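This report refers to the structure that appears directly beneath it.
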Amino acid sequence: MDPGPRDWASLPKDLLYSVLERLVLPGDYLRFSIVCTSWYSAAKNNKVIRARMTAPMLLIYTGKKDYWKLYDIMVNRFLDLQVRVPNKRLCGSSKDWLIFVDKNVADKNFGVSLINPFFRVRGRREKENSIIRLPPLTPPGWEKWFRRCEYYVYKATMSGDPIQDPNNCIVFVIYMEQSLLAFIKPGKDTTWTFVDASVDSTVRGCRLVEEVTCLEGKFYAVNHWSELISFDVTAESYSNVKLVVPAGFKENCIIKRYLVETKEKELLMVQRYIEFDDEKYIRVTKKFRVFKLNFNLCKWIEENSLGDFALFLGDNTSEAMMPSKFSSCRPNHIYFNHDRDLFSRYGPHDYGVYNIKDESFSQPYTKQAKNLVKKSNRLPIWVVPSFHL
């Protein structure tokens, strides 16, 4: 006798938990989470397994409409799902969310939008609040960027999930032309706060900022001179901006800088040395250097090893992970993407993996992934699903 269709959504939670315990890869966990509401609930509520499964994935534009694919570096293969995200430059990836700048044609201005790709899986109903549009970003001089507004924000990040943790969510943007800093609290503020560029009595100040991070409730930014700056999040533009670490020695080369908070509550600055070949129209990363902040000495101390950590750098919020828990992601390595710089629009080709121990580079991705990155007109970006789906 035909038992009829099975009601997979009504499986007992104990059985679902048993299946979850046997999953090894984050991609499998993600697929499990989007089957239906009851499966999602089981995945979300099992915090131990969810923490084990959190690992970065590479989001790559397919070149078709607004569809992007997820590449799982744990097993070097694409997930069999796509997400719908506007075909625009992504200036940030943080707390599950992507950040981009979009025009408001009716009001003739532009603003920052947040979009959760995991709320917009192709073939499934989009969840509410999958896009959050913030108030217009209109500091002095913004008008001349209207046609190229996608590039107005150099990099953006968030301090919390706007849905899961709205009280602690602050959106930070580094905006052109001097890479200045602004922030807003979604759902609370109606306008952006623009941080004063002056710092104590220094000349450089809070300008040419390259990344922002939050460590134990305090906010920090690193600038073009490797200065570390602290600031408060207040309604005042001055924001109590202070110089924490002064500029280091000057180097006659092009360097990009990243700030990374580790699970051990340490603050790292990573320097990425790049060169340009204007004849071949390419950008090449030559090496990385890693520094740890000594809070007592207010000084960057160079590190020769990341220990058990791996770093994930690019247009995303810089991440430090302990890949020993996963399959093929390697500790003491830097996984880097071709990201935005202020000197060129080459790319995307400057990506790969850097071995800190022997200072070697590799591109371990599959041929299919490399080909998709090559033909894409968008820079790939790291996303770290926390499975608040």
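Computed from a predicted model, the values in this text were never measured in an experiment.
Note on ring orientation: taking the six-membered ring where Trp is involved, the planes of H338 and H349 are perpendicular (angle over 60°, cut-offs 30° and 60°). Aromatic ring orientation, Y354 versus F361: tilted (interplanar angle from 30° to 60°).
Hydrophobic clustering (ILVMFWY, side-chain heavy atoms < 4.5 Å, transitive): M269 and F231 are in distinct clusters. Residues M57 and L98 fall within the same hydrophobic cluster, defined by Ile, Leu, Val, Met, Phe, Trp and Tyr side chains chained together at heavy-atom separations under 4.5 Å.
Looking at T62, its side chain never comes within 3.5 Å of a backbone N or O of W68 through a donor-acceptor pair. Looking at R133, its side chain never comes within 3.5 Å of a backbone N or O of G111 through a donor-acceptor pair.
Other residues, nucleotides and ligands contribute more than 12 heavy atoms inside 6.0 Å of the CZ atom of F295. By the 6.0 Å contact criterion, CG on D358 is enclosed, its count of non-hydrogen atoms from other residues, nucleotides or ligands being greater than 12. The 12-atom threshold is not exceeded at NZ of K375, counting heavy atoms of other residues, nucleotides or ligands nearer than 6.0 Å.
Ring centroids of F194 and Y175 are separated by less than 6.0 Å, placing the two rings close together. Separation of the F110 and W142 ring centroids falls under the 6.0 Å cut-off. You'll find the ring centres of Y351 and F336 outside the 6.0 Å limit.
E128 is not listed as a side-chain neighbour of F119, based on a closest heavy-atom distance of 4.5 Å or more. Within the 4.5 Å cutoff, the side chain of N304 has no heavy atoms near those of the I356 side chain. Using a 4.5 Å cut-off on side-chain heavy atoms (C-beta onward), P139 and Y152 make contact. Side-chain contact between D315 and L379 is present, with heavy atoms from C-beta onward closer than 4.5 Å. K155 is not listed as a side-chain neighbour of E210, based on a closest heavy-atom distance of 4.5 Å or more. Contact of the W145 side chain with the Y151 side chain is registered, since non-hydrogen atoms from C-beta on lie closer than 4.5 Å.
Inspection of the N76 and Y365 side chains reveals no N or O donor paired with an N or O acceptor under 3.5 Å. Using modelled atom types and a 3.5 Å distance limit, the side chains of D339 and Y258 yield a donor-acceptor pair. Judged by distance alone, the side chains of E211 and Y220 never bring a donor and an acceptor atom under 3.5 Å apart. R207 and N223 share no side-chain donor-acceptor pair at under 3.5 Å.
Salt bridge R289/E359: absent, no basic N to carboxylate O contact under 4.0 Å. D102 has a carboxylate O that lies under 4.0 Å from a charged side-chain N of K88, or vice versa, which qualifies the two as a salt bridge.
Remark: R89 is not positioned above the aromatic ring of F100, lacking an NZ or CZ atom under 6.0 angstrom from the ring centre and at most 45 degrees off the axis.
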### Task
Please report the C-alpha distance between S226 and R257 in whole Å, then the side-chain angles of each, then the deciding distance to 0.1 Å, and finally whether the side chain to side chain donor-acceptor pair (under 3.5 Å) criterion is met.
CA-CA 7 Å; S226 298; R257 295 157 186 85; 2.8 Å; yes
